[in-house]
Amino acid sequence: MSAYFLQQLLNGLMLGSLYALIAIGFSMIYGIVRLINFAHGDLLMVGAFTTLGLAATGLVPWWAIAFLVLITGALSGIAIERVAIRPMRGAPQVTGFIATLAVSVVIENGGLILLSGQPRTFLFPEIMRSRVTVGPASVAAVDLVIIGSTLLLCVLLLLFVRGTRLGRAMRALADNLLAARLMGIDVDRTIMAAFAIGSAFAAFAGLLWGGRFGQIDPLIGFAPGLKAFVACVIGGVGSIGGAVLGGYLLGLAEVMFVGMLPPVYSGYRDAFVFATLILVLLLMPNGLLGRPEEDRA
Amino acid sequence: MSTLPFLPGPRAALLVVAAVAVVAFADLHLSAYAVTLLSLVLLNVALAVSLQLTNGLTGLFSLGHPAFMTVGGYVAAILTYPVRRKGFMMPDLPGWLATAQWDLIPATLAGATVAALLAVIVGVAVLRLKGHYLAVATLGLIVIVRVVINNLDGYTRGGLGLSGVPRLTGPWEVLIFTLLTVGLVWRIKHASLGRAMMAMRENELAARCMGIDAFALKLLAFVLGAFLAGAAGALTVHLVSVITPGAYGIPLAFSLVVMVVVGGSGSITGAALAAVAISLLAEFARPLEEGLELYGLSQVLVALGLILVLRLRPTGLFGSREPAAFRPVRVPGVGR
């Protein structure tokens, strides 16, 4: 394997990890409330700015920052659910989209008003920026941290969903909401937990995103959020495993598209991602791991 | 004579006369700024009403109007652009385009047609699926269109945008287009086509059981909406004489959705009123935002207002209905 290819592979895995972290939340939330949360990508911005604010104080150690970012993301997710999702339950599906779209507009423009649109420099500690050699290639330590922490969070999520009562309740709700309610599952609490976990992951992705790309502004969440949705669709919306798989496939494909084709095409990177979405929807609308959705009368 | 029952009432005709009078008054007595503002407000009415067809009547959730406007605007602008400046501004155009200088109406129709063709491609891929795929695919379409136009700089001048597009659109062209759009959507709504669309919006399974071809109907509503949006884009470009790849983006998509929802999904009157109110609000909030240096404030307020409307009055101002004064007249002995 050539060094160049390995380098691109690691870049793709890094980007794919970030997409996967965001896509997991999309899928968990969709699986239960059958709703796309347009404000989900903006949690990336919330996470990135929370990190920046805490790091600027110079008092909080990085492990505590990571923990606080997860908490902030979870609380933001719960707030979004309270404001825009819970009151609309039972309304037509479109109402829910519009409500989350409105929340996204509030978060983005609120961010612009409070934080200004100026991009801010975002620095991880020195050690994260050092180069590490992997075989013939050399990557920044932060890339390995991104890949490693994503895998760790995925394993924890898997254990949670498979092994705990709340995780089982979530799966039951995704399978059949009415039957789950009849079995005595607290629907409100379970939905809240799904929002909390998914949003915490997205905020954590924001911390990593800022650390990797070095600059953040109030609109950074938009494009990654949309791309993570594409990842969800590739993997099959509603399936957590599908979200992770789709995230990695999309990250690898995007990096290979830029790295392997002549540079003339690299400007078309974002167009490529969304063209993929339309192609996937045309050829296999249920994604790789998704189940066909039944028509409910 | 089966079309007679769908004629608008006499008061709706009065409204048309009033609109003509307002435009004539503005054209004769008001400043160029006021005339342009009035034209932009009317274009927003046309855009909101055409989105009402797609999102309101048919119950789809398209955010693609800005993408169709951009495509329609660029196609029309390339066609009407003065030939002597084309070689310098757009060096890569093939010969027949480089020497073409069309009039406004054929160029607008061409722009609208290209936008509609784009909608066919997206629609065929996405409309067989659940509604939210359309929302995300059209959001993606906005990004695709912007990226492609940015990169095709030999045809479009890329990120610099096309300036110096001839000012061929005046308030009268805009008024005629808006009246045609409103009239068309009005006719569709009060014909069997509109009934079928609303039936599908309420319960797709039941509508299909009644023999409605859901996919064909959705495609029709989506493509027709895109056609009208493309035409509106073409007219706008020839009104403000400039277009850039990002001019019509997600904020506009959001504003249009707000107009439809606040006006009431399916209500043409509601969407038109909401379009007037929200466009004027945005225009008058701008100096305030600049004075306070709080850019985006009006967007936040509109979004918060929208959440309130969704919670307190989810059907919007008018629901699916038109005010009693404008309802179709029943001609005795004709229709039901």
Side-chain angles (χ1 to χ4, degrees), chain A residues 30 34-36 38 83-84 87-88 91-99 101-114 116-117 218 222-223 226-227 229-230 232-233 237 264-283 285-286 293 295-297, chain B residues 55 59-61 63 121-122 124-126 128-137 139-148 150-151 158 201-206 208 250-251 253-254 257-258 260-261 265 289 292-307 309-311 314:
Chain A
Y30 181 85
R34 293 279 185 274
L35 195 85
I36 293 168
F38 278 110
V83 172
M88 317 294 173
Q93 209 184 21
V94 173
T95 311
F97 299 149
I98 299 172
L101 195 60
V103 169
S104 165
V105 170
V106 170
I107 296 179
E108 285 177 13
N109 287 287
L112 284 175
I113 291 174
L114 297 176
S116 100
F222 176 75
L226 266 184
K227 288 184 183 175
F229 180 79
V230 178
C232 266
V233 173
V237 185
V264 201
Y265 295 108
S266 57
Y268 288 99
R269 178 182 193 154
D270 288 356
F272 163 76
V273 171
F274 292 107
T276 310
L277 168 74
I278 293 176
L279 205 67
V280 170
L281 288 178
L282 197 57
L283 299 178
N286 296 311
E293 241 174 87
D295 267 336
R296 284 191 190 155
Chain B
N55 288 20
L60 302 173
F61 191 49
L63 293 166
I121 297 174
V122 177
V124 166
V126 171
R128 286 183 201 280
L129 310 172
K130 297 268 174 204
H132 50 260
Y133 288 112
L134 181 69
V136 179
L139 216 49
L141 188 66
I142 295 179
V143 178
I144 294 181
V145 166
R146 185 170 61 216
V147 169
V148 169
N150 252 321
N151 281 283
R201 178 187 75 184
E202 296 305 324
N203 189 334
E204 187 174 330
L205 198 60
R208 275 169 38 200
I250 286 126
F254 179 69
V257 166
V258 172
V260 168
V261 173
S265 286
E289 285 186 351
L292 297 173
E293 295 197 347
L294 291 178
Y295 298 99
L297 185 63
S298 67
Q299 288 261 20
V300 171
L301 294 180
V302 167
L304 290 175
L306 176 70
I307 294 178
V309 168
L310 287 175
R311 288 181 70 153

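For the numbers below, each heavy atom of this structure counts, side chains included, while hydrogens, waters and symmetry mates do not. Proteins get letters first, then strands, A, B, ... in listed order; numbering begins at 1 in each.
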Can you check side-chain contact (heavy atoms from CB on, under 4.5 Å) on Phe222(A) and Ile250(B), steps first, answer last?
CA-CA 10 Å; Phe222(A) 176 75; Ile250(B) 286 126; 3.1 Å; yes
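- In this structure, the portions of Val136(B) lying under 4.5 Å from any heavy atom of chain A include both its backbone and its side chain.
- Within the model, atoms CD1 of Ile113(A) and CG of Leu297(B) stand 4.5 Å from one another, a figure rounded to the nearest 0.5 Å.
- Put simply, the side chain of Leu139(B) does not reach to within 4.5 Å of the side chain of Phe229(A), judged on heavy atoms.
- In this structure, Phe61(B) and Phe97(A) have parallel ring planes: the angle between them is below the 30° cut-off, well short of the 60° mark.
- The minimum heavy-atom distance between Ala102(A) and Leu306(B), with the atom names listed, is CB-CD2, 3.8 Å.
- For a residue to count as touching a neighbouring chain, one of its non-hydrogen atoms must lie under 4.5 Å from one of that chain's; by this rule Pro87(A) touches chain B with the side chain only.
- Remark: side-chain polar atoms of Asn151(B) are paired, donor with acceptor, to backbone N or O of Gly267(A) under 3.5 angstrom.
- For the pair Leu101(A)/Leu63(B), a side-chain contact is recorded, criterion being any heavy-atom separation below 4.5 Å from C-beta on.
- At a threshold of 4.5 Å between non-hydrogen side-chain atoms, the residues Phe274(A) and Leu141(B) do not count as touching.
- Counting all heavy atoms, side chain and backbone alike, Ala271(A) lies closest to Val148(B) at CB-CG2, 4.4 Å.
- Closest approach of Ala125(B) and Leu282(A) over heavy atoms only: CA-CD1, 3.3 Å.
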Where do Gln299(B) and Glu108(A) land on the side-chain contact (heavy atoms from CB on, under 4.5 Å) test, with the steps shown first?
CA-CA 10 Å; Gln299(B) 288 261 20; Glu108(A) 285 177 13; over 6 Å; no
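- When heavy atoms are compared at a cutoff of 4.5 Å, Ala99(A) approaches chain B by way of both its backbone and its side chain.
- The minimum heavy-atom distance linking Ile307(B) with Met88(A) is given by the pair O-CE, 4.3 Å.
- Both the backbone and the side chain of Val103(A) come within contact range of chain B, judged by heavy atoms closer than 4.5 Å.
- The part of Ile36(A) that comes within reach of chain B is its side chain, from C-beta onward, which places non-hydrogen atoms under 4.5 angstrom from that chain.
- Interface check for chain B: of the options Asp270(A), Val83(A), Val233(A), the most heavy-atom pairs under 4.5 Å are formed by Val83(A).
- Between chain B and the options Ile278(A), Leu112(A), Ile98(A), the largest number of non-hydrogen pairs under 4.5 Å is found for Ile98(A).
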Between Tyr133(B) and Leu277(A), is the side-chain contact (heavy atoms from CB on, under 4.5 Å) condition met? List the steps.
CA-CA 10 Å; Tyr133(B) 288 112; Leu277(A) 168 74; 5.7 Å; no
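- Of all the heavy atoms in Val105(A) and Ala303(B), the pair that sits closest is CG1-CB, 3.9 Å.
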